[in-house]
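The structure appears below as structure tokens.
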Amino acid sequence: MQQSVCNVSLLMNDYDKGIEFYTQSLGFSLLDDIKNGPDSRWVRVAPNNAVGQSGAALVLMKAQEQQSQWVGNQTGGSVAFFLQTDDFQRDYHAMQQKGVTFLEQPRDEPYATVVIFQDCFGNKWDLLQPKF
């Protein structure tokens, strides 16, 4: 049996704002944007190198009224997502130039070079380049 995680849901409050941030600021590809109803869409984005590979995509899910309190805080303040790169400095500087908000300075950990940033909804991400 072969299994993999293919999608991860991300609560947000505006489809178009999410698409713009992930495609313009992070350089992700828009995989799907399909209307499901009057106020519902199936929207998936993924890093360009993950398209057609085994990497997971993000499903941008518009929060319903009872979910809106969790937009930007799906993990209770912890880092929710991890964006792995093969060139930390390249991606860090590119993201800075595109206005991505970083919450700290890059740091060297035993496992990776890492920095925490947040998306346009306040979700915390790690940009990291593993050392192994």
- Message: Tell me whether Q66 at atom CD has more than 12 heavy atoms from other residues, nucleotides or ligands lying less than 6.0 Å away.
- Response: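 Enclosed: over 12 neighbouring heavy atoms sit under 6.0 Å from CD of Q66.
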
- Message: Does E20, at its CD atom, have more than 12 non-hydrogen atoms belonging to other residues, nucleotides or ligands within less than 6.0 Å?
- Response: no

In Å and rounded to the nearest 0.5 Å, what is the [atom1] to [atom2] distance from [X] to [Y]?
X: L31; Y: T23; atom1: CG; atom2: OG1; value: 11.0 Å
X: L60; Y: K17; atom1: CG; atom2: NZ; value: 12.5 Å
X: S25; Y: Q96; atom1: OG; atom2: CD; value: 13.0 Å
X: T101; Y: D119; atom1: OG1; atom2: CG; value: 9.5 Å
X: D32; Y: W42; atom1: CG; atom2: CH2; value: 7.0 Å
X: N123; Y: Q74; atom1: CG; atom2: CD; value: 5.5 Å

Write down the atom of [X], the atom of [Y], and the distance for their closest heavy-atom approach.
X: P130; Y: A112; answer: CA-CB, 3.8 Å
X: F21; Y: C120; answer: CB-SG, 3.5 Å
X: E104; Y: I116; answer: OE2-N, 3.0 Å
X: D39; Y: K62; answer: OD1-NZ, 3.2 Å
X: S68; Y: E65; answer: OG-O, 2.9 Å
X: S9; Y: F81; answer: O-CZ, 4.1 Å

- Among side-chain atoms of H93 and Q97, is any donor-acceptor pair under 3.5 angstrom?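 Per modelled atom types, H93 and Q97 side chains form no pair under 3.5 Å.
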
* **Any side-chain donor near an acceptor of the partner, D87 and Y92, under 3.5 Å** => no

Test of understanding: clusters of I, L, V, M, F, W, Y form through side-chain heavy atoms closer than 4.5 Å, transitively. Do [X] and [Y] belong to the same one?
X: L83; Y: L58; value: yes
X: V5; Y: V79; value: no
X: M12; Y: L26; value: yes
X: F117; Y: V8; value: yes
X: W70; Y: Y15; value: yes

Can you tell if the side chain of [X] reaches within under 4.5 Å of the side chain of [Y], non-hydrogen atoms only?
X: L103; Y: Q118; result: yes
X: R44; Y: N7; result: yes
X: V114; Y: L127; result: no
X: D91; Y: F88; result: no

Problem - Polar side-chain atom of Q129 near backbone of T85 as donor-acceptor pair, under 3.5 Å - result: no

| said: Using a 3.5 Å distance criterion without hydrogens, assess whether the side chain of N73 forms a donor-acceptor pair with backbone atoms of G77. | reply: yes

Stepwise side chain to side chain contact (heavy atoms under 4.5 Å, CB included) test for I34 and V43:
CA-CA 7 Å; I34 302 165; V43 177; over 6 Å; no

Item to complete: Please determine if D108 and K131 form a salt bridge, counting it only when a charged side-chain N lies under 4.0 Å from a carboxylate O.
Response: yes

Would you call R41-D16 a salt bridge at under 4.0 Å N-O?
yes

Check: Do the rings of W125 and Y22 sit parallel, tilted or perpendicular, given the 30° and 60° boundaries?
Finding: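 W125 vs Y22 ring planes: tilted.
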
query: Passes side chain to side chain contact (heavy atoms under 4.5 Å, CB included), D33 versus I19? Steps please.
result: CA-CA 9 Å; D33 186 358; I19 290 169; 3.6 Å; yes

